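Keep in mind that this is a model prediction, so the values were computed, not measured. Lettering follows sequence order; numbering is per chain, from 1.
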Number of protein chains: 2
Amino acid sequence: MPQVGARPALSRSVEDYLKAIYRLALQASPVATSDIAQALDLSAPSVSGMVKRLSEQGLLEHVPYKGVELTDRGRRAALGMLRRHRILETYLVEKLGFTWDSVHPEAERLEHAASESLIERMALTLGNPAFDPHGDPIPQADGSVAEVESMPLTEIPPNSTVEILRVVTSEPKRLRYLAEFGLTPGSILYLVDRQPFHGPVTVRVGRKDRVLGHEMAALVLCRPTDGDQIA
Amino acid sequence: MPQVGARPALSRSVEDYLKAIYRLALQASPVATSDIAQALDLSAPSVSGMVKRLSEQGLLEHVPYKGVELTDRGRRAALGMLRRHRILETYLVEKLGFTWDSVHPEAERLEHAASESLIERMALTLGNPAFDPHGDPIPQADGSVAEVESMPLTEIPPNSTVEILRVVTSEPKRLRYLAEFGLTPGSILYLVDRQPFHGPVTVRVGRKDRVLGHEMAALVLCRPTDGDQIA
DNA sequence: TCGTTAAATTAGGTATACCTAATATTAATA
DNA sequence: TATTAATATTAGGTATACCTAATTTAACGA
Ligand SMILES: [Mn+2]
Ligand SMILES: [Mn+2]
Ligand SMILES: [Mn+2]
Ligand SMILES: [Mn+2]
């Protein structure tokens, strides 16, 4: 008997800010307000205003003209949102037949409306998955996140066999393009060739050789497999 | 491959207003603004203000000091919301193990966030149900609503056998109380006795006799069965 | 050290959706 | 018909979350 208790206290906007700041902080910290503005497609003054409110609420610390860092409370909230988002994506793909390129915007809205107990019911039904359909790690209920070592396809030496672990874009067109080539988490591929100066990468998936531009190849994160399983 | 297209244009508040007005209009039309205020737990001036905006948007017609009626557009939107709400409730109960007393607030939030295609996926998975867990009819995608003839338990003559079709409350405590007595849609019961002057109603469910107050009995809508199946 | 520039903030304004207090309308009652 | 009471609306205000335009700050090179 799950109790449906409404969770919020945080508005949809606040939740999206915290999530964006968390992700930007993985790249560089403190996080510049202009980067937040770009990530959320908002004007810089809007972000300045929100940042002030969030720091007053103790969700982040702001050093004016320097940047922003999440407090523990802010980070916990952000991790909670990432968990919700990724459980939802996984559920939509696994249980409702959505494609991996279509679930992001749906999860982007549902993450603010679903109760804690709904998310945990879904997680249970899925067998508490550790990764979502894009290979993104799902933060656990206790706030822990799996750390996975991986390299972009652009850094893999030729003549190696790798497993795809993660694809780091949410753009439907790019996801569809990669899926057409069989480049989804879990697939095994053999790196045939890599050209210098941001040149293309040639990979063999199954029997087919595919040529990928540098920009797309950089989105595909891999792990070397033990032996060369494809010749 | 469902496309997840974000649906809105209408805000959460607007959607809840339209739904409330639709339901109130089933009782009496035009709908008084004070009744809307009571249904949504808002002040009367808030409703006056929103009513003005909704009529400017062509979602309803307002005759000041008289009341409000939905336009075709408003009614279509309201029926869409009821469909979303009731599909969600049904899915939560059938596929995720929620209890019938806990799903209402969850659906009340999700109905504004779920895309059309998510709702239709859920409906398909459920086999396009016609009624939700409370026996409320689910409007179909074309806007049609099943009309079911039914009588409250308070109007059933003694010594008859009836099937419960619908329970018209969303209060968890009342729903749990009724479920304890086995009074859920689909159950068959025998009406033992009915006292006058808003007096109690005695029903037999399975082997047990239960005494229900008039107020609770009025929430249980029934349909006479062919024969007297319980003696 | 003194501009110049890029980044960030402040100033001032809009839209939505609430609120309370004051006023207006309607409809029933005396 | 004139009160009166209930109902509804208008007036005026708050909070959130956006915006553009103007200003401030920090950092860097001349
Ligand atoms: Mn979101
Ligand atoms: Mn993802
Ligand atoms: Mn709602
Ligand atoms: Mn229902």
Side-chain angles (χ1 to χ4, degrees), chain A residues 6-21 24-25 27-69 74 77-78 81 108-109 111-113, chain B residues 6-21 24-25 27-69 74 77-78 81 108-109 111-113:
Chain A
R7 162 197 45 94
L10 301 182
S11 71
R12 178 177 173 162
S13 288
V14 167
E15 290 179 331
D16 282 337
Y17 270 86
L18 295 176
K19 204 157 47 100
I21 293 165
L24 290 168
Q27 308 281 126
S29 187
V31 176
T33 57
S34 54
D35 290 344
I36 302 172
Q38 186 173 34
L40 295 174
D41 195 24
L42 297 172
S43 72
S46 298
V47 174
S48 273
M50 179 63 96
V51 155
K52 186 183 289 176
R53 271 169 275 152
L54 295 182
S55 66
E56 279 161 6
Q57 286 181 63
L59 291 162
L60 49 79
E61 279 180 58
H62 180 213
V63 181
Y65 294 100
K66 283 294 179 178
V68 135
E69 269 175 304
M81 291 312 293
E108 198 57 55
R109 285 175 284 108
E111 64 190 0
H112 312 287
Chain B
R7 162 197 47 96
L10 302 182
S11 71
R12 176 176 174 164
S13 288
V14 167
E15 290 179 333
D16 282 337
Y17 270 87
L18 295 176
K19 204 157 46 103
I21 292 166
L24 290 167
Q27 308 281 128
S29 186
V31 176
T33 57
S34 54
D35 289 345
I36 302 171
Q38 186 171 35
L40 296 174
D41 195 25
L42 297 172
S43 72
S46 297
V47 174
S48 274
M50 179 62 97
V51 155
K52 185 182 289 175
R53 271 170 275 153
L54 294 182
S55 68
E56 280 160 6
Q57 286 182 60
L59 291 162
L60 48 79
E61 279 179 57
H62 180 214
V63 181
Y65 293 99
K66 283 295 179 180
V68 134
E69 270 174 303
M81 290 313 293
E108 198 58 56
R109 284 174 285 111
E111 63 189 1
H112 311 288

Subject >> 5' priority, DNA chain D, between Arg12(A) and Pro64(A) [closest heavy atom] >> reply: Arg12(A)
Subject >> Rounded interatomic separation in angstrom, taking CD1 from Ile36(A) and P from dA7(C) >> reply: 15 Å
Subject >> 5'-most by nearest nucleotide on DNA chain C - Ala44(B) or Gln57(B) >> reply: Gln57(B)
Subject >> Full working for side chain to side chain contact (heavy atoms under 4.5 Å, CB included) between Val47(B) and Tyr17(B) >> reply: CA-CA 9 Å; Val47(B) 174; Tyr17(B) 270 87; 4.0 Å; yes
Original post:
Heavy atoms under 4.0 Å, any strand shown: does Ser48(B) hit a base, just sugar-phosphate, or nothing?
Top reply: base
**OP:** Rounded off to whole Å, could you give me the OH-to-P distance for the Tyr65(A) and dA8(C) pair?
**Re:** 10 Å
Original post:
Under 4.0 angstrom, heavy atoms only, what part of the nucleic acid is Ser43(B) near: base, sugar-phosphate, or nothing?
Top reply: base
**OP:** Identify whether any heavy atom of Ser46(A) sits under 4.0 Å from a base atom; if not, whether one sits that close to sugar-phosphate; answer base, sugar-phosphate or nothing.
**Re:** base
Original post:
Could you state the NE2-C1' distance from His62(A) to dA7(C), rounded to the nearest angstrom?
Top reply: 11 Å
Original post:
Going from CG on Leu10(A) to CD on Gln57(A), what distance comes out if it is rounded to the nearest 0.5 angstrom?
Top reply: 7.0 Å
Original post:
Which value, rounded to the nearest 0.5 Å, describes the distance between Leu60(A) atom CG and His62(A) atom NE2?
Top reply: 8.5 Å
Original post:
Toward the 5' end of DNA chain D, which comes first, Pro45(A) or Arg53(A), by nearest nucleotide?
Top reply: Arg53(A)
**OP:** Under 4.0 Å between any heavy atoms, over every strand shown, what does Ser13(B) touch: base, sugar-phosphate, or nothing? Just pick one.
**Re:** sugar-phosphate
**OP:** Using the heavy-atom set of chain A and a strict 4.0 Å cut-off, write down the first and last nucleotide of DNA chain D that makes it in, 5' to 3'.
**Re:** dT16(D) to dA27(D)
**OP:** May I ask you to test the Lys19(B)-Glu108(B) pair for a side-chain heavy-atom distance under 4.5 Å?
**Re:** yes
Original post:
Taking atom CE of Met50(A) and atom CG of Asp16(A), what is their separation to the nearest 0.5 Å?
Top reply: 9.0 Å
Original post:
Got a salt bridge between Glu111(A) and Arg12(A), using NZ or NE/NH1/NH2 to carboxylate O under 4.0 Å?
Top reply: no
